[in-house]
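Accompanying notes for the structure given below.
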Amino acid sequence: KLEKVKMMIGDQGGDAFFPWCGMLFNTRTGNVRLDYARFAGKLAGDALTVDRSGAEGTKLRIRIKTFVKPRCLPILFDPEINSKETIVANFIQAMLLCAIKFSIYIQGGMNDGLR
């Protein structure tokens, strides 16, 4: 039995977004942004592992790059597709989520006695 899937997502401004492959496409303007709804209701650190086997700084740098890179798709920053406001919002959203993950990673290390 197939369940009905909601195909359009609305926002507070009245725009409708079409979700596809982890992105939201504005059906009125064509602007593209990432769909962060999958993080809703979850802790940002749920999928985060704090590695304490030495060279923590190097491992942190690798983890941050691994996390940020998929959120920096060219389509999100293309001025031919997105407005300046959307490009700035895409950058800020990616960096905020990265900062949250970074904070959780550092707190995880501090809570276990790493200084």
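N82 approaches I87 most closely through the heavy-atom pair CB-CG1, 3.7 Å. Closest approach of D35 and P19 over heavy atoms only: OD2-CB, 4.5 Å.
The CD atom of E85 lies 11.0 Å from the CD1 atom of I92; values are rounded to the nearest 0.5 Å. Between N90 atom CG and N31 atom CG the span is 8.5 Å, to the nearest 0.5 Å. To the nearest 0.5 angstrom, C98 atom SG is 5.5 Å from M95 atom CE.
I62 and V68 fall into different hydrophobic clusters, defined by Ile, Leu, Val, Met, Phe, Trp and Tyr side-chain heavy atoms under 4.5 Å apart, directly or through other members.
Counting heavy atoms from C-beta on, the side chains of L24 and L34 never come closer than 4.5 Å. Side-chain contact between V32 and T86: absent, with no pair of heavy atoms (C-beta onward) separated by less than 4.5 Å. Using a 4.5 Å heavy-atom cutoff, the side chains of R33 and F17 are in contact.
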Intermediate values then yes/no, side-chain contact (heavy atoms from CB on, under 4.5 Å), M23 and L73: CA-CA 10 Å; M23 293 179 281; L73 300 169; 4.1 Å; yes

